[in-house]
Amino acid sequence: MEGAIIGTPRFLAPEIVRGEAQPTISTDLFSLSVLLFTRLCLTIRLKDTRKAQFNSSTFRLQRQLYGFNPIFIYDPQDKSNRPDPNVNMNAIKSWPIYPRFLQDMFIKAFTEELRNPESRIREGNG
C-alpha cells in the first residue's frame, strides 16, 4: 500500500483529497490550520448548511466538500456556506471573540490558500 494516504478528508489539504498531491510540509501546515480552527471554534471549518443537507459520511460527498468545492464558513466572498445555527452554534459564538488578525489568518488559510497552496502561511511569515 505504498503511496496510499490515510486520513480524514476534513483535515487533509484539498489537493490530497483530490488525489493530486502527496503529503508535504505545505499540506501539513494546512492540516495544522484546520486543527487549530477546529479546537478554537469547536466546529469543523466546512461543517455548514451545505453539509447538513447531505449524509456527509459518504466518501464521494467528503471528496466534494473537502477537495473539489471547499467553502469556508466565514469566506468573505462566498456567503453560500454560512454556519447553520442548529449545527454550528459554537462557531457562531466563538468566532467574534478572536482578534481580527487571527480571523484574517484563518480566512487566508481557508480561501486563498485553498486555490494557491504555495501561498500557505509558514512559521514566521504570518
Side-chain angles (χ1 to χ4, degrees):
M1 209 161 154
E2 187 176 320
I5 299 168
I6 299 173
T8 304
R10 67 181 180 210
F11 288 98
L12 296 174
E15 60 271 24
I16 291 179
V17 175
R18 293 189 301 264
E20 299 169 356
Q22 294 291 310
T24 64
I25 291 172
S26 176
T27 62
D28 288 350
L29 289 169
F30 180 84
S31 295
L32 178 60
S33 296
V34 174
L35 181 62
L36 290 171
F37 180 82
T38 302
R39 296 304 302 154
L40 291 172
C41 290
L42 303 172
T43 195
I44 307 298
R45 76 196 193 292
L46 303 171
K47 191 172 183 184
D48 52 47
T49 54
R50 292 180 314 141
K51 186 176 175 186
Q53 297 171 5
F54 302 99
N55 176 2
S56 63
S57 63
T58 68
F59 181 69
R60 193 175 107 210
L61 180 61
Q62 287 184 15
R63 283 179 43 101
Q64 182 65 29
L65 290 175
Y66 300 115
F68 291 96
N69 192 23
I71 302 170
F72 181 45
I73 60 175
Y74 289 112
D75 185 320
Q77 304 302 315
D78 188 341
K79 297 180 184 348
S80 69
N81 196 32
R82 287 297 179 247
D84 181 336
N86 297 317
V87 178
N88 307 105
M89 189 51 66
N90 290 330
I92 293 168
K93 288 182 177 182
S94 63
W95 181 253
I97 69 170
Y98 294 111
R100 186 65 202 181
F101 79 89
L102 187 59
Q103 291 176 351
D104 289 344
M105 291 185 81
F106 282 126
I107 289 169
K108 182 177 189 290
F110 304 136
T111 58
E112 175 187 332
E113 294 176 11
L114 290 174
R115 296 177 293 280
N116 187 6
E118 298 80 32
S119 72
R120 289 199 174 124
I121 299 168
R122 302 279 310 207
E123 58 282 357
N125 78 343

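Heavy atoms only: backbone and side chains are in, while hydrogens, waters and symmetry mates are out.
Remark: side-chain polar atoms of R120 are not paired, donor with acceptor, to backbone N or O of D28 under 3.5 angstrom. Listed for the K79 side chain is no donor-acceptor partner under 3.5 Å among the backbone atoms of I73. Within the 3.5 Å criterion, the main-chain N or O of R10 finds no donor-acceptor partner in the side chain of T8. No donor-acceptor pair closer than 3.5 Å links the side chain of T27 to the backbone N or O of A13. N88 places no side-chain N or O within 3.5 Å of a backbone atom of A91 that could act as its donor or acceptor partner.
For the atom pair NZ of K108 and OG of S119, the computed distance is 4.5 Å after rounding to the nearest 0.5 Å. Separation of atoms CD1 (I92) and SG (C41) is listed at 11.0 Å; rounding is to 0.5 Å. From F110, atom CZ reaches atom OH of Y74 across 13.0 Å, with rounding to the nearest 0.5 Å. Between the CZ atom of R63 and the CZ atom of F68 there is a distance of 4.5 Å, given to the nearest 0.5 Å. Atom CG of residue L12 and atom CD of residue Q62 lie 10.0 Å apart, to the nearest 0.5 angstrom. We find the CG-OG1 distance between D75 and T111 to be 5.5 Å, quoted to the nearest 0.5 Å.
A ring-ring contact (aromatic ring centres under 6.0 Å, His included) with F72 holds for exactly one of Y66, F37, F106; it is F37.
In this structure, the side chain to side chain contact (heavy atoms under 4.5 Å, CB included) partners of N86, at least two apart in sequence or on a different chain, are D84. Partners of I25 under the side chain to side chain contact (heavy atoms under 4.5 Å, CB included) rule, at least two apart in sequence or in another chain, are L29, R122.
The side-chain heavy atoms of E118 and S26, taken from C-beta on, include no pair separated by under 4.5 Å.
Other residues, nucleotides and ligands contribute over 12 non-hydrogen atoms within 6.0 Å of the CZ atom of R115.
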Mind listing the side-chain donor-acceptor pairs of residues 94-101 below 3.5 Å, one per line with the distance, residues two or more places apart or on another chain?
from, atom 1, to, atom 2, distance (Å)
S94, OG, N90, O, 2.8
Y98, OH, L40, O, 2.7
R100, NE, D104, OD1, 2.8
R100, NH1, Q103, OE1, 3.2
R100, NH2, D104, OD1, 3.0

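Taking every heavy atom of both residues into account, R82 and P76 meet most closely at NH2-CA, 4.2 Å. What you find for A21 and I16 is that their closest heavy atoms are O-CG1, 3.7 Å.
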